Number of protein chains: 2
Amino acid sequence: MVEVRMSTESISKNKSLITLDKDMLQRFKPYITINTLCKGNFVFQASTPKKCFYIVLKGRVKLFRVSEIGREITQWFCFPGEIFGLAESPETNQHSIFAQCCEPCEVIAIPLNQFNNFIQSSPDVALKIIEQLSVRLKIVGDTLLDFTSDDVKTRLVKLLKRLNKRFGVTHNDGVIINIVLTHKEISDMIGACRQSVTTALGELKAEGNISLIDNRFFIPSVEKFEKLGTMP
Amino acid sequence: MVEVRMSTESISKNKSLITLDKDMLQRFKPYITINTLCKGNFVFQASTPKKCFYIVLKGRVKLFRVSEIGREITQWFCFPGEIFGLAESPETNQHSIFAQCCEPCEVIAIPLNQFNNFIQSSPDVALKIIEQLSVRLKIVGDTLLDFTSDDVKTRLVKLLKRLNKRFGVTHNDGVIINIVLTHKEISDMIGACRQSVTTALGELKAEGNISLIDNRFFIPSVEKFEKLGTMP
DNA sequence: GTAATACTGTCGTCCAGACGACAATTGAAA
DNA sequence: TTTCAATTGTCGTCTGGACGACAGTATTAC
C-alpha cells in the first residue's frame with residue numbers, strides 16, 4: 001500500500017482559512033458548540049431552519065443540493081478552516097443545501113445571531129470569509145460553464161484538474177489526487193449519470209492518462225493531462 | 001404604451017446594498033474613480049488584470065463567463081449598490097468573468113489594494129458584501145441544479161420565477177417582469193440554445209401563462225405560474 | 001424614410017448521453 | 001470467513017434538444 005499524505009505545504013499557504021485563536025474561543029465560548037460527527041452524519045439538511053453557521057475543525061464536509069426529482073449535485077467540500085451554513089438568502093430562514101460529513105468530523109457551531117460580532121472580532125475574519133465565498137462562486141461558475149459547453153468526458157477531465165489543484169500530491173513522476181471518490185460521487189459533481197462517468201474514466205485509463213493507486217487517481221503526466229479538454 | 005417602474009419598495013427593503021455616504025466618499029476620494037459607461041461597454045473583460053473592485057451607482061451591469069468554444073453563460077445582473085470584481089481566486093491576477101453594461105451606467109472603481117481598508121471602514125460593509133456573495137452563490141447553485149434536473153421549459157419557468165421575484169411589479173391582476181431580455185439572453189441564462197427558448201416561450205404563451213406587454217413578460221396569474229415546473 | 005442589422009419563428013436532422021437493466025467485482029459488516 | 005451491500009463495468013434503446021438553415025418581423029443607424 002502506498003502511504004500518501006496531503007501536503008501540509010499547500011494547506012498552510014491557503015491564507016483564507018479561519019482558525020480560532022484562544023482569545024476568540026474564550027470570547028465566543030458561551031455561544032460555541034463543538035460537534036463531533038461520524039461519517040455520513042449531517043451537520044444540517046436542506047429545509048431545516050438556519051440556526052448556526054459552522055467552521056470545520058477536523059474532517060471533510062460535503063455541501064450539496066438535491067433537486068425535486070432527487071437529483072444530487074455537489075457544490076463544495078469544506079476542510080478545516082472553512083466556513084459554511086451562512087444565510088444564503090434573506091427571504092427564507094431555511095437551509096437550501098445539505099452538509100454531510102465524508103469522514104469523522106469536528107465542527108464548530110455558532111449561532112447566526114452572533115455572526116455580526118464574529119466578523120467584527122478580528123480584522124481578518126471578514127476578509128477570509130469573503131475570499132472563501134469568492135472562490136466558491138468561481139468554482140461553481142466554472143462548473144456551470146462546463147455544463148453548457150463540454151461533453152461528459154471533458155467535464156470529467158476539467159474536474160480532475162480542479163481536484164488535482166486542490167488535493168494533488170507528487171508521487172514519482174506524476175501526481176496522486178488524494179481524495180477517494182466513487183463514480184457516483186463524481187457524477188454528482190459534473191452533472192452526468194454514473195454510467196457515463198464509468199465509461200469516460202475507462203477511456204482515460206485506456207489512453208494511459210490516469211490509473212488507480214490505492215483507490216486514488218494517479219496522473220502519470222500532468223503536463224500531458226493539462227492539454228486534455230482544451231482547444232488545440 | 002404602459003409606463004412601468006420598478007417598485008422602489010422592493011429596492012429599499014434590500015438591506016445588503018452598499019451605499020457610500022459622504023464620509024466614505026471623502027475618505028476614499030484619492031482612490032475612487034467614477035466611470036461613466038455607455039450601453040454595451042465593458043467595465044472589464046475576462047483575462048484582463050484585476051486592478052479594482054467596483055460598485056454600481058447607476059444602471060445595470062451583466063456579469064458573464066465565456067467558454068473556450070465561445071459559449072456564453074450569464075451569472076448575475078448587478079444593480080446600484082452591488083459590488084463586483086472581487087478577487088475570485090488567489091492564484092491568478094486576472095478576471096475570469098466579463099462585466100458589461102446593459103444600459104448607460106455609472107460605476108465606482110476602487111483599487112483592490114484598498115479592499116481591506118474598505119471593509120473595515122464601516123461595520124456594515126463586510127456584512128453586506130458577504131450577503132451579496134451568499135445570495136449569488138445560492139442563485140448560481142440553483143441554476144446548476146436546474147441544469148442537471150430539468151428540461152429546457154422547466155428551466156425557463158424557474159428562471160422567470162426568479163426574475164419575477166427580483167424585477168416583478170404588480171400590474172392589473174398579474175405581474176410584469178420589468179426587464180427586457182432577448183431570447184438569446186435568456187438562453188444564456190439557462191444554458192439552452194436560442195431556438196429552444198423561443199419554442200418554450202411560445203408554449204407558455206399558447207397556454208396563457210405569459211404574454212408580452214411593452215416587450216416585458218406579463219404573468220396574468222402568479223399563483224398559477226408558481227405551480228408550473230414543480231412536482232404535483 | 002430607407003437600409004442594414006438584430007431578433008423571432010419555424011422546420012428537419014442527428015446524436016450525446018440518460019436510462020434501465022444486469023453481471024461482475026469490491027468493500028463492509030457480522 | 002461468509003454474507004450482504006455497494007460499486008464498477010457493460011450493453012442496447014430512445015429522445016430532448018442542439019444544430020443549421022431560412023423566412024418573417026422588429027429595431028437601429030444614418
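Keep in mind the model is a prediction, meaning the values are calculated, not measured. Throughout, a chain's letter reflects where its sequence line sits, starting with A, and its residues are numbered from 1.
With distances taken from any side-chain atom of A:Cys193 to the nucleotides C:dC7, D:dT10, C:dC19, the minimum falls on C:dC19. Side-chain atoms of B:His183 lie closest to C:dT8 of the nucleotides C:dT8, C:dT10, D:dC11. Of the candidates D:dT10, C:dC19, D:dA18, the closest approach to any side-chain atom of B:Ala192 belongs to D:dA18. Looking at the side chain of B:Thr199, the nearest of the listed nucleotides C:dT10, C:dC7, C:dC19 is C:dT10.
Nucleotide C:dC19 holds its P atom 9 Å from the CD atom of A:Gln195, rounded to whole Å. Between A:Glu203 atom CD and D:dT10 atom C1' there is a gap of 13 Å when expressed in whole angstrom units. Residue B:Arg194 contributes atom CZ, which lies 15 Å from atom P of D:dT25 at whole-angstrom precision. The CD1 atom of A:Ile73 sits 11 Å away from the P atom of C:dA18 (whole-angstrom rounding). When the C1' atom of D:dG17 is taken as reference, atom CG of B:Leu201 falls 15 Å away, rounded to whole Å. B:Arg71 has its CZ atom 7 Å from the P atom of D:dC19, to the nearest Å. Between the CG atom of A:Asp151 and the P atom of D:dC19 there is a distance of 12 Å, rounded to whole Å. Counting to the nearest Å, the P atom of C:dC7 and the CG atom of B:Asp188 are 11 Å from each other.
For the OP1/OP2 pair of D:dA18 and a distance below 4.0 Å, the side-chain nitrogens and oxygens of B:Ser196 include at least one atom meeting the criterion. Look at B:Asn215 and you won't find any side-chain N or O under 4.0 angstrom from OP1 or OP2 of C:dC7.
The aromatic rings of A:Phe84 and A:Tyr54 sit parallel to each other, their planes meeting at less than 30°, with 60° as the upper class boundary.
Summarising the geometry, atom OG1 belonging to A:Thr143 is positioned 6.0 Å from atom CG belonging to B:Leu144; distances are rounded to the nearest 0.5 Å.
By the 6.0 Å and 45° rule, A:Arg65 does not stack over the aromatic ring of A:Phe98.
When the nearest nucleotides of DNA chain C are assigned to B:Gly202 and A:Lys39 by heavy-atom distance, the more 5′-ward of the two goes with B:Gly202.
Among the heavy atoms of the strands lying under 4.0 Å from B:Lys205 are primed sugar atoms or P, OP1, OP2 only; no base atom is included.
Side-chain rings of B:Phe167 and B:Phe217 stay apart, their centers remaining 6.0 Å or farther from each other.
Between the side chain of A:Gln132 and the backbone N or O of A:Ser16, at least one donor-acceptor pair lies under 3.5 Å.
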